[in-house]
Amino acid sequence: MLRFVVRHSLLLVFLFAVLGFLLPSLSLAFFPVLPFILFALMTFTLLGMKQNALIKQLCGLSIWVYAMLHSLFFMCLIGVIGWLLSFEQDLLLAVVGVAATGSLFATPAIVRTLGFDSMQAMAMTIATTLFLPVAIILTLFFFQAGQIELDWGSYITRLIVFIFGPMMFSFAVHSFFSEEKLNRFLIKVSPYTIILVFAFPFGLIGSFRVLFDQKPADALQYFIVATGLCLLFFFVAYLCFRHKGKEEALTAAITAGNRNVLLTYSVAGVLLGPAFLPMAGALQIPMSLLPVMTRWLNRVIRR
């Protein structure tokens, strides 16, 4: 059964997004549990990485160039596009907040299923996650209509718990336990972490379904915007890294398209406005289809 789940994990992520849309009450009830699942997924993902190799990747200039593209460049680009299209203030804040968001921690596992370098994807994910605190502050400063009332104590606590907590825990475990013992444990646990990934599209899409039930026209607009965001992130990152070869370009593309919107919401909360959660929900279906599209592109692009 587990082999079947792992083999068809890319399709199952999409199906769980659809299931969450069809069962909004269960999706909304499941939402409060997601931060705990996020913490577990981040921790297990980091534990499975070789720390020395990961640090070496993070010291590379190209990783941080990517992080600037992933956050600052897309924030500016989406801000300009939203202004030209006359987005309402709440929607503009939401889409720029999505652009500020780091990559999903499930991305390395998705990249691994495509046969690419998961270590590079992990380094990109961590770099964009480390840049998230700055990106959120910039988003609120330039795009929040009212006065920023950021509770710094709560903000720093959330940063420690959701970003630095899993990283520090991972380094501590690698320091205290031998690689042999840790690898034996991870071999048993790792296959089950893919199940954690299914929780996010299922639990996040409920807010979008509420908007769909109340204002179908607005929900359609959010879905179109969310799909446009995913495709824009994907293809711009692909074109920017195409000169480095197909594998690195597709890795950058899928990393840019996958956005850890739950982490951003866990850190910033309601400061990102009432449109952020419905937009996060609307993103789940196009985001869940990106890995399938990447696998297809990997087959049709020669090199």
Side-chain angles (χ1 to χ4, degrees), residues 9-10 13-14 38 41-42 44-46 48-49 53-75 77-78 97-132 134-135 163 166-167 193-194 196-197 200-201 226-264 280 283-284 286-298 301:
S9 57
L10 298 184
V13 170
F14 169 73
L38 173 66
L41 179 63
M42 292 174 67
F44 282 123
T45 303
L46 287 165
M49 293 291 168
L54 183 58
I55 292 172
K56 185 177 179 180
Q57 282 273 8
L58 283 168
C59 290
L61 179 62
S62 63
I63 295 297
W64 295 99
V65 170
Y66 170 80
M68 295 301 103
L69 168 73
H70 185 102
S71 297
L72 278 183
F73 175 78
F74 280 125
M75 287 165 62
L77 179 61
I78 297 303
V98 171
T101 297
S103 186
L104 196 65
F105 262 71
T107 302
I110 294 171
V111 167
R112 191 182 301 115
T113 64
L114 297 171
F116 297 159
D117 183 7
S118 61
M119 186 66 71
Q120 182 186 29
M122 187 75 253
M124 288 177 168
T125 299
I126 291 177
T128 58
T129 302
L130 289 174
F131 195 75
L132 178 62
V134 177
I163 296 180
M167 294 180 184
T193 58
I194 191 65
L196 299 179
V197 178
F200 299 110
T227 303
L229 287 175
C230 285
L231 293 176
L232 183 67
F233 295 151
F234 185 94
F235 285 109
V236 170
Y238 175 82
L239 291 174
C240 288
F241 282 80
R242 188 65 185 94
H243 65 283
K244 294 195 172 184
K246 180 182 74 169
E247 180 174 332
E248 189 159 343
L250 286 175
T251 298
I254 192 66
T255 306
N258 283 332
R259 298 276 165 160
N260 198 348
V261 286
L262 177 64
L263 178 60
T264 300
L283 281 163
Q284 298 311 304
M287 268 202 324
S288 65
L289 290 174
L290 283 181
V292 179
M293 184 175 72
T294 306
R295 175 173 285 177
W296 175 77
L297 287 173
N298 186 40
I301 299 173

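Computation of the quantities below employed the complete heavy-atom set of this structure, encompassing side-chain atoms and omitting hydrogens, waters and symmetry-equivalent molecules.
When side chains are defined from C-beta on, Leu130 does not count as touching Leu58, because their heavy atoms never get closer than 4.5 Å. Residues Ile254 and Phe116 fail the side-chain proximity criterion, which asks for heavy atoms closer than 4.5 Å. Side-chain contact between Thr251 and Lys244 is absent, with no heavy atoms from C-beta onward closer than 4.5 Å. The side-chain heavy atoms of Met122 and Gln57, taken from C-beta on, include no pair separated by under 4.5 Å. The closest side-chain heavy-atom distance from Leu38 to Leu263 is below 4.5 Å. Taking the side chain as every heavy atom from C-beta outward, Pro291 and Val13 never approach each other to under 4.5 Å. Counting heavy atoms from C-beta outward, Arg259 and Leu104 have side chains that stay 4.5 Å or more apart. At a threshold of 4.5 Å between non-hydrogen side-chain atoms, the residues Ile78 and Phe233 count as touching.
Note that the CD1 atom of Ile110 and the OG1 atom of Thr294 stand 8.5 Å from one another [nearest 0.5 Å]. Between the CE atom of Met68 and the CE atom of Met75 there is a distance of 10.5 Å, given to the nearest 0.5 Å. The distance from the CD atom of Gln120 to the OG1 atom of Thr125 is 10.0 Å, given to the nearest 0.5 Å. Note: Thr107 OG1 to Asn260 CG = 8.0 Å, rounded to the nearest 0.5 Å. Here the CG atom belonging to Leu283 is positioned 10.5 Å from the CG atom belonging to Asn258, to the nearest 0.5 angstrom. Rounding to the nearest 0.5 Å gives a distance of 11.0 Å between CE of Met119 and NZ of Lys56.
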What do the steps show when you test Leu69 against Met124 for side-chain contact (heavy atoms from CB on, under 4.5 Å), and what is the final call?
-> CA-CA 11 Å; Leu69 168 73; Met124 288 177 168; over 6 Å; no
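The shortest heavy-atom contact between Leu289 and Phe14 is CD2-CD1, 3.6 Å. Closest approach of Ala252 and Ala237 over heavy atoms only: O-CB, 3.7 Å. Between Leu290 and Cys230, the closest heavy-atom pair is CD1-CB, 4.2 Å. Listed here is the closest heavy atom pair of Leu250 and Phe234: CD2-CZ, 4.3 Å. Summarising the geometry of Glu247 relative to Asp117, their closest heavy-atom pair is OE2-N, 3.2 Å, with the distance given to 0.1 Å. The two residues Ser103 and His70 make their nearest non-hydrogen contact at N-NE2, 3.6 Å.
Checked against side-chain hydrogen bond (donor to acceptor under 3.5 Å, both in side chains), Arg295 has no partners two or more places apart in sequence or in another chain. With sequence neighbours excluded, the residues forming a ring pair (Phe, Tyr, Trp, His ring centres under 6.0 Å) with Phe241 are Tyr66, listed by chain and number.
Under a 3.5 Å cut-off, the side chain of Gln284 and the backbone N or O of Ala280 do form a donor-acceptor pair.
Results of the side chain to side chain donor-acceptor pair (under 3.5 Å) test with Thr101 over Thr264, Thr128, Thr129 single out Thr264 as the only residue that passes.
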